[in-house]
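This report refers to the structure that appears directly beneath it.
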2 protein chains.
Amino acid sequence: MRTNLSHSAKLTSIKDIARVARVSHSTVSRALSNSPLVNQKTAEKIRRIARDSGYRASAVARSLVTRRSHTIGVVVTNIADPFVAGVVSGIEETAEGHGFSVFLANSNAEPEREVRVVRSFEERRVDGIIVTASRVGARYVPLLSNMRVPIVLLNNQHPSQFAHSVMIANIQASLDATRHLIELGHRRIAYLGDRGGHQSETERFTGYRQALEAAGLRLNRRLVTQGDGKPEAAKGAMAHLLALPQPPTAVFCYNDLSALGAIRQIRDSGLHVPGDISVVGFDDLYISQYMDPPLTTVRQPMRQMGCMAMQTLLDIFAEAESGHDIKVPGELIVRASTAPPKEKS
Amino acid sequence: MRTNLSHSAKLTSIKDIARVARVSHSTVSRALSNSPLVNQKTAEKIRRIARDSGYRASAVARSLVTRRSHTIGVVVTNIADPFVAGVVSGIEETAEGHGFSVFLANSNAEPEREVRVVRSFEERRVDGIIVTASRVGARYVPLLSNMRVPIVLLNNQHPSQFAHSVMIANIQASLDATRHLIELGHRRIAYLGDRGGHQSETERFTGYRQALEAAGLRLNRRLVTQGDGKPEAAKGAMAHLLALPQPPTAVFCYNDLSALGAIRQIRDSGLHVPGDISVVGFDDLYISQYMDPPLTTVRQPMRQMGCMAMQTLLDIFAEAESGHDIKVPGELIVRASTAPPKEKS
DNA sequence: CGCCTGATTGCACACGTGTGCAATAAGCCA
DNA sequence: TGGCTTATTGCACACGTGTGCAATCAGGCG
């Protein structure tokens, strides 16, 4: 036995309340928004009626007249990606705190779907859009250039002149991570990247390279290899590194999932982490602290980055137009997957 | 130099197009919805103008008059939970495929926030609501009983008469998992639960108990312990089990994260998995296949469950009112964390 | 030529809320 | 008592789209 007062049952509106309270709907509207323009007594009476009748104001109608939907759209490559989920969590948190609701849409990294989703957001009349970790990049420009709502890109391909952005400081963070390995005494340090060719990838490699340079180490191209950001491919790439005549004593990985795959390959080859090889990741996923050994990695403040992206939109809504190209510093978290090398090289 | 034609720039509406095309707005409306009531030639002309002017229909205005927003609300405890993220991914997938947009909101497992969020969804005039993994349970009844939109509960506390539901078949799946251990030859099998007291918890314990019964094994209360669904607490619980005079030879864990903590504790105690102790999880998170050793666990088809929940709503919208209390079977995935016990007990 | 049919279009209203402006009432002061 | 100020309320329109109904027009047929 289910309560199924099918959708046709018309909800109580502001006019219904007006009829009961014997006032005009204008007065009800004002009373419910606590306008000082309405008599205190009648206002209370109206609010009581509204409460008793289970009235729910229609945000739809309100949006139509105020031209503000108090709604934002978030387009992500894949919500199942833990980094993305963390970011969205932060976005939703501050959005809810400011009376905004968030539309979520996956793009599955398919450009045409991404475009379709953005179009749908425009029709929904969202007040702003946040795009996370998209690979669309340049294809976006025509779409963005005649965008009618502010857009914030988060860790995106090519933050352009048309949009605001929040990005992790990839270069500096990677530099720190690599320097950590150098300071431990490592000299043959490999880089296990992501052949996807994101901007993040390029930047993280740059940080790696700069750290080597600063320490007077030569960049060895044979120690640079590519996975695809997932454990399986990283395993293969790691196997390749281990097969070198002079294998590395440490690996800096594009992300934690790659590090996970690398560690498994190292184990499978009968070697130990960090005894034989040190491993550093990037992201600091929730599980990284529980990996075996606990992973040394660069923490991306995912939630915080989501908050900042949303805050950027809120600032724009409030006309507080300031520089909105934020670089968020990463934080090196040293755990047990790194140690000094066994042998001097 | 940013394009910031602030929000006041009024968008082109159906009326603007009508003016250009020298017809009434009604005709434009019909042309854009491919109504056969409009002349083919003028229809094409109108559509061309719409395309050239970058017209975007207002879903807000349309929702107001059609009383259908083509929108659903999804309330989750925490989007950063990988199970939840998988479910949401499935929901969004089928929603997008049917022209629906999804509002996402976290409840953080705070009942009052959950209620606030549902209220907000009502104001947004969503066509339906999906609630995932809520612990609110009984407190929900008053909220649900005068709900005006259909609601689907997914792996929820107490699927009530007021709502439809999609649930994993906890009892059967847990029974399968435990039987797997029994068939391997284990006799002292522990249960590492979640003291949170979800319905899932109770059911998974029931499956464990039934498997023991069916095999003629006595339920040993000392082998039943509680964590909180996260690795840290599971570590503690596992330490407790290992300290028993007769420690178990196998552990069935409430979820994969608990299993992760259990494995770490077993390692820290100088024992091996599965050599000394076998471990089974529940969920089959993405990382579980990459754990060391790869985890034997019960796969919850997260995406598929999300799809089913959304499909249930779609059925209800289409008036196809059939029994909507779906039990989804779990699938036991046997990997390397389980093996026959060393010693006969 | 007049009537009927079908195609095409516009009028007018509706959806639920917000708000500028005028209208009314009440209170105050000279 | 008359005029002014202030508090309170309602009228009327707007937001952008959908749709029932009437109106108009063209064409065909008797």
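No experiment lies behind these values; they were computed from the predicted model shown.
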| request: Answer with base, sugar-phosphate or nothing: what part of the nucleic acid does S29(B) contact at a heavy-atom distance below 4.0 Å? | output: base
| task | Could you check which of dG18(C), dA12(C), dT9(D) has an atom nearest any side-chain atom of L37(A)? | result | dT9(D)
| query | Are S24(B) and dG10(C) close enough that a side-chain N or O sits under 4.0 Å from OP1 or OP2? | reply | yes
| message | Does V23(A) reach a base, just sugar-phosphate, or nothing at all? Heavy atoms under 4.0 Å. | response | sugar-phosphate
| request: Mind checking S26(A) for me? I need base, sugar-phosphate or nothing, with any heavy atom below 4.0 Å counting as a touch. | output: base
| message | Taking the six-membered ring of F317(A) as reference, does the cationic atom of R68(A) (NZ for Lys, CZ for Arg) lie under 6.0 Å from its centre and within 45° of its axis? | response | yes
| message | With a 4.0 Å cut-off on N to O distance, would you call R303(B) and E93(B) a salt bridge? | response | yes
| OP1 or OP2 of dC15(C) under 4.0 Å from side-chain N/O of R67(B) | no
| said: Taking only side-chain N and O atoms of T27(A), does any of them lie within less than 4.0 angstrom of OP1 or OP2 on dG10(D)? | reply: yes
| task | Give a yes/no answer on whether the side chain of R30(B) brings an N or O atom under 4.0 Å of OP1 or OP2 in dT17(D). | result | no
| In whole angstroms, how far is the C1' atom of dT17(C) from the CG atom of L32(A)? | 11 Å
| message | So S63(A), base contact, sugar-phosphate only, or nothing? Heavy-atom distance under 4.0 Å. | response | nothing
| task | Determine the contact category for T42(B): base if any of its heavy atoms lies under 4.0 Å from a base atom, sugar-phosphate if only primed atoms, P, OP1 or OP2 are that close, otherwise nothing. | result | sugar-phosphate
